[in-house]
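Below is one structure, written out as structure tokens; comments come after it.
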Amino acid sequence: MTTRFLTGVTPSGTLHLGNYVGCIRPAIEKSKLPDTESFYFLSDYHALIKARDPERIEKSRMQIAATWLACGLDPEHVHFYRQSDIPEVTELNWILNCITSKGMMNRAHAYKAKVEANTAVGEDPDSNVTMGLYCYPILMAADILMFNANYIPVGRDQIQHVEMCRDIAIRFNQLYGKEIFVLPEAYIDEEVAVLPGLDGRKMSKSYDNVIPLFEGGEKALKAAILKVVTDSKEPGEPKDPASTSLTQLFDAFATPEQRKDFEDKLRNGLGWGEAKEIVFKQINQEIAPKREKYEVYMKEPQIVEDILMEGARRLQPMAKALLDEVRDAVGLRRFKPVAANQTKKKEKKKTKPKFKQYREKDGLFYFNLQDAAGNILLTGGKLENGKDLGILIGKFKKDGLKAFESCYCEISEGISPDAIEQCRLELVEE
Ligand code: TRP
């Protein structure tokens with residue numbers, strides 16, 4: 001069995017060195033491992049959530065596709081495609097929409113952050129919130145579940161979305177009584193460097209501290225490195241390698257021996273100007289050949305277009321097969337004579353989550369919450385009075401986990417608060 005890695009990049013701007021070191025380079029390395037199958041795509045439907053400028057979207061898609069290819073992605077070996085070229089993704093998106101609770105989306109952090117920002121300035125909480133932003137994690141779930149991916153390499157900010165995808169998959173499998181979807185997991189590579197930006201904070205477009213990867217060529221790379229913040233020590237004075245992000249920038253492109261050598265030089269008084277020159281050279285040595293390829297692709301968009309269309313074409317049968325299965329599971333089937341349908345029909349037990357109450361040897365009253373499959377999600381209570389259990393459970397239906405703040409409550413290992421919330425919503429639906 002191969003392990004499937006899948007990740008999307010939203011084309012909403014140009015890429016910087018942080019994207020290269022933190023995402024592109026490790027993803028391409030990973031795609032070369034044996035027994036893995038990689039799905040890397042441009043999440044261009046996601047880009048529409050933020051960007052309203054068609055030219056910007058067009059340009060960014062092209063730049064990002066060219067970047068991945070220039071950095072060594074092998075389209076013969078990796079599934080490389082645009083989300084918007086696989087129409088099954090949006091079909092699946094709708095079906096998943098119909099089984100995803102609104103409550104889960106209320107907790108998605110991109111939406112919550114927006115509501116909090118609106119509230120802070122006295123605006124309507126939902127001001128400037130589109131349904132696209134609100135339902136963003138469901139589209140992401142469709143991306144992931146469409147190809148039954150096992151691992152999703154993402155930044156920490158996306159972990160919640162992968163967990164939601166997992167909860168949606170569990171819900172679907174339970175509702176329709178089939179293991180249609182594989183349950184994905186976020187994949188965080190602890191060894192991958194988080195690159196600091198010019199000011200020492202994490203390199204990010206939103207901090208305006210980035211070093212461009214290819215845009216602006218060698219000149220722009222050099223100019224940005226010259227702007228990295230350092231202290232004002234003169235050449236000849238010993239310098240602390242940890243006092244500037246130059247060191248981490250260098251490290252991300254150097255061997256252990258080169259790193260040690262650079263640190264020694266700083267401690268021995270290397271001037272900041274010279275240090276920046278060394279850092280520039282080190283980075284440029286890795287980037288320059290890729291930049292050349294990038295420029296070729298940018299001049300020949302048809303090559304990139306053909307590669308992406310071929311990527312989508314190759315995936316079509318897989319996407320169609322999954323969608324056929326999903327449509328069949330939910331009842332969107334070809335019409336057949338009724339009798340034929342009935343003989344096929346399987347008896348399906350409808351189960352729901354439930355609370356079980358019991359008394360332990362210690363004489364106290366306990367309860368546990370079981371999901372529809374009978375897994376125990378949490379155990380709580382330890383109350384002297386059995387009647388109070390009912391009150392607590394009533395409160396839980398209204399307020400969720402908060403209800404158990406005042407009593408003993410232990411969540412089973414590996415259970416996310418989201419899974420518990422999902423059960424609450426199903427209980428309330430009754
Ligand atoms: N939301 C991701 C981001 O902005 C991009 C993305 C879209 C994605 N669909 C995905 C990532 C599926 C992983 C899996 O970074």
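For ligands, and for the atoms within them, numbers begin at 1 and follow the listed sequence. For reference, positions follow the sequence shown, starting with 1.
Listed for the K178 side chain is no donor-acceptor partner under 3.5 Å among the backbone atoms of A329. Proximity of a side-chain donor or acceptor of Q160 to a complementary backbone N or O of R107 within less than 3.5 Å is detected.
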Identify all side-chain donor-acceptor contacts of residues 277-284 below 3.5 Å with residues at least two apart in sequence or on another chain.
from, atom 1, to, atom 2, distance (Å)
E277, OE1, K222, NZ, 3.4
Q282, NE2, F253, O, 3.0
Q282, NE2, Q258, OE1, 3.2
N284, OD1, R291, NH1, 3.4
N284, OD1, R291, NH2, 2.7
N284, ND2, E218, OE1, 3.2

Acceptor/donor pairs from residues 71-80 side chains to any protein atom, 3.5 angstrom cut, sequence neighbours excluded:
from, atom 1, to, atom 2, distance (Å)
D74, OD1, E76, N, 2.9
H77, NE2, S31, O, 3.2
H79, NE2, E37, OE2, 2.9

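Note: E179 CD to Q174 CD = 9.0 Å, rounded to the nearest 0.5 Å.
Each of L6, T7, G8, T10, F41, S43, H46, Y136, M140, D143, I144, I152, V154, Q158 has a non-hydrogen atom positioned under 4.0 Å from some atom of ligand 1.
Considering only residues two or more places apart in sequence or on other chains, R52 meets the side chain to side chain contact (heavy atoms under 4.5 Å, CB included) condition with T130.
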